[in-house]
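Here is the structure we will look at, set down as structure tokens.
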Amino acid sequence: MIKSVFCEMVGIKYPIIQGGMAWIADSSLASAVSNAGGLGIIAAANAPVEYIREEIRKTKKLTNKPFGVNIMLLSENAEEVAKMVCEEGVKVVTTGAGNPGKYIEMWKAHGIKVIPVIASVALAKRMERSGVDAVIAEGCESGGHVGEITTMAIVPQVVDAVSIPVIAAGGVGDGRGIAAALMLGAVGVQVGTRFLVAEECTVHDNYKAKIIKAKDIDSVVTGRPTGHPVRVLRNKLTRKFQILEKEGAGAEKFEALGVGALPKAVKDGDVDNGSVMAGQIAGLVCKTQSCQEIIKEMFSQAEETLNTVKVV
Ligand SMILES: Cc1cc2nc3c(=O)[nH]c(=O)nc-3n(C[C@H](O)[C@H](O)[C@H](O)COP(=O)(O)O)c2cc1C
């Protein structure tokens with residue numbers, strides 16, 4: 001059985017975090033992942049603070065296992081959410097898109113394990129100095145906001161640079177990905193794209209179908225001129241973004257085109273004109289399963305993979 005220091009740190013069976021996913025990772029997905037032995041995460045994204053509070057309370061009713069909240073630092077209400085998680089007794093916070101430095105003291109005072117997502121060695125080191133418990137090193141294969149470095153390259157460099165535990169994210173879709181992440185020195189993985197098609201994931205069925213249909217080359221990165229590029233599956237919307245890029249349009253035009261695009265795909269199921277965030281590993285994701293099946297299958301394949309490695 002694959003165990004690591006990360007399991008002890010947050011009190012879980014399998015060293016896997018379900019990535020926070022804006023508009024998608026709610027109490028249904030988070031509680032199912034936690035009940036299956038991973039660490040379920042509720043994504044706060046730009047949602048109103050009272051909605052997130054309610055999702056936390058629902059999750060507590062659906063599972064007695066540990067779970068966490070992902071806070072998007074770019075969000076206007078990040079500070080409010082940062083305080084609310086302390087009031088609600090949340091045990092783990094992951095953060096996306098930035099440096100959570102100013103909240104760390106408050107979270108630590110409330111006994112919260114703090115695990116930021118980072119996409120560079122420099123930020124990992126800064127986070128370690130600020131007293132975080134672990135970091136999630138995310139490669140640009142991942143769905144959603146991306147940095148510039150691949151998982152294969154960033155994970156070992158971060159592992160060498162810090163002495164806190166490192167979780168690998170980006171492109172992990174099955175047990176071989178877990179085995180590879182462990183070989184690179186990570187003590188666990190964070191997975192987004194594969195959980196998008198979980199039975200308990202409340203994303204629109206059209207979104208799930210598009211992930212299942214996707215091939216290896218079907219994701220693209222859009223919005224580079226905004227400074228916040230995102231990886232999504234190709235569709236009419238990404239073609240419009242590509243035209244803007246060719247025209248050399250300014251950031252405001254990109255932002256205008258992106259307004260409301262994620263909920264359009266997630267809630268309305270408009271996967272042609274909405275933003276279908278997903279990682280490069282979507283090409284490997286081929287069926288809907290429960291979170292329990294996904295996690296069990298991934299870890300038994302990881303064990304099998306690690307056991308069959310032979311160097312002759
Ligand atoms: C639809 C979608 C939405 C995401 N939203 C967030 C978010 O709100 N906050 C965050 O930190 N990461 C976000 N991510 C990144 C995931 O948490 C996770 O790190 C990533 O999906 C891992 O790579 P993978 O997609 O290859 O599994 C998102 C990813 C996807 C696919």
Side-chain angles (χ1 to χ4, degrees), residues 16-26 29-30 33 38-47 52 55 68-75 77-78 81 92-100 114-119 123 135-147 149-152 154-155 166-174 177-178 180-181 186 188-198 201-204 207-208 210-211 214 216 218-219 221 228-233 258 261-267 271 274-285 294-295 298:
I16 182 168
I17 306 176
Q18 161 248 311
M21 293 186 279
W23 284 91
I24 297 169
D26 57 8
L29 182 60
V33 169
L39 186 70
I41 299 283
I42 298 164
N46 293 311
I52 304 154
E55 286 303 301
V69 173
N70 172 261
I71 302 181
M72 271 298 264
L73 299 163
L74 283 175
S75 157
N77 66 356
V81 180
V92 182
V93 165
T94 66
T95 60
N99 179 348
V114 183
I115 315 178
V117 175
I118 54 93
L123 188 55
V135 288
I136 300 165
E138 189 185 66
C140 58
E141 300 93 320
S142 78
H145 288 95
V146 288
I149 315 172
T150 61
T151 305
M152 185 84 160
I154 196 176
V155 172
V166 177
I167 313 294
V172 178
D174 67 11
I178 296 175
V189 293
Q190 169 160 292
V191 170
T193 299
R194 177 127 186 216
F195 283 121
L196 283 171
V197 302
C201 180
T202 53
V203 76
H204 198 285
Y207 202 119
K208 291 185 183 181
K210 193 158 171 79
I211 303 277
D216 54 349
D218 282 347
S219 81
V221 174
H228 303 293
V230 288
R231 184 176 293 286
V232 293
L233 295 185
L262 184 59
K264 199 182 268 183
V266 168
K267 300 284 174 204
V271 292
S275 174
V276 186
M277 287 189 189
Q280 292 182 333
I281 205 67
L284 195 88
V285 176
I294 292 173
I295 293 176
M298 286 179 80

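A quick note: this is a predicted structure, and the numbers were derived from the prediction, not measured. Heavy atoms only: backbone and side chains are in, while hydrogens, waters and symmetry mates are out. All ligand and atom numbering here is 1-based and tracks the order in the structure.
- The shortest N or O to N or O distance between Gly144 and ligand 1 is not below 3.5 Å.
- In terms of protein heavy-atom proximity, atom 29 (C) of ligand 1 is closest to Gly143 O, 3.4 Å.
- Under a 4.0 Å criterion applied to the non-hydrogen atoms of Gly170, ligand 1 contributes the atoms 22 (C), 23 (O), 26 (O).
- Near Val191, meaning under 4.0 Å from any of its heavy atoms, are these atoms of ligand 1: 27 (O).
- With hydrogens left out, the protein atom closest to atom 6 (C) of ligand 1 is Gly20 O, 2.9 Å, a heavy atom.
- Of the protein's non-hydrogen atoms, the one nearest atom 8 (O) of ligand 1 is Ala22 N, 3.3 Å.
- Annotation for Asn46 and Asn77: closest pair O-ND2, 4.5 Å, computed over non-hydrogen atoms.
- The shortest N/O to N/O separation between Arg194 and ligand 1 does not fall below 3.5 Å.
- Remark: ligand 1 and Tyr207 share no N or O pair separated by less than 3.5 Å (distance only, no angle test).
- Ala181 and Val189 get closest at one heavy-atom pair: CB-CG1, 3.6 Å.
- Given atom 19 (O) of ligand 1, the protein heavy atom at minimum distance is Glu138 OE2, 2.5 Å.
- When only non-hydrogen protein atoms are considered, atom 25 (O) of ligand 1 lies nearest to Thr193 OG1, 2.6 Å.
- Shown in contact with Gly192 at under 4.0 Å from a heavy atom are these atoms of ligand 1, numbered in order with element: 21 (O), 22 (C), 24 (P), 27 (O).
- The backbone N or O of Gly170 sits less than 3.5 Å from a side-chain atom of Thr151, completing a donor-acceptor pair.
- Short contacts between ligand 1 and Gly96, defined as distances under 4.0 Å to a heavy atom of the residue, involve ligand atoms 11 (O).
- Closest heavy-atom contact between Thr193 and Ile211: CG2-CG2, 4.3 Å.
- Regarding atom 23 (O) of ligand 1, its nearest protein heavy-atom neighbour is Ser142 CB, 3.1 Å.
- Checking only distances, Ala169 never comes within under 3.5 Å of ligand 1, N or O to N or O.
- Proximity to Gly19 (heavy-atom distance under 4.0 Å) selects the following atoms of ligand 1: 17 (O).
- No option in Thr95, Val135, Val92 other than Val92 meets the side-chain contact (heavy atoms from CB on, under 4.5 Å) test with Ile115.
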- request: Please report the C-alpha distance between Glu141 and Ile281 in whole Å, then the side-chain angles of each, then the deciding distance to 0.1 Å, and finally whether the side-chain contact (heavy atoms from CB on, under 4.5 Å) criterion is met.
  value: CA-CA 7 Å; Glu141 300 93 320; Ile281 205 67; over 6 Å; no
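- The minimum heavy-atom distance linking Ile52 with Ala47 is given by the pair CD1-O, 3.4 Å.
- At least one side-chain heavy atom of Val172 sits less than 4.5 Å from a side-chain heavy atom of Met298.
- The nearest protein atom to atom 4 (C) of ligand 1, hydrogens excluded, is given as Met21 CA, 3.4 Å; this is a heavy-atom distance.
- Scanning both residues, Phe195 and Ile295, for their nearest heavy atoms gives CZ-CG1, 3.9 Å.
- Between Thr94 and Ile136, the shortest heavy-atom distance links the atoms CG2-CD1, 4.0 Å.
- Of the inter-residue distances, the one linking Gln190 atom CD with Ile167 atom CD1 reads 8.5 Å to the nearest 0.5 angstrom.
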query: Given the rule in the side-chain contact (heavy atoms from CB on, under 4.5 Å) test, do Met21 and Val266 qualify, once you have shown the distances and angles that lead to the verdict?
result: CA-CA 11 Å; Met21 293 186 279; Val266 168; over 6 Å; no
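- Of all the atoms in ligand 1, the ones that sit under 4.0 Å from a non-hydrogen atom of Ile24 are 1 (C).
- Between Gly171 and ligand 1, a contact under 3.5 Å exists for at least one N or O pair.
- Nearest protein heavy-atom contact of atom 9 (N) of ligand 1 is Asn70 OD1, 2.8 Å.
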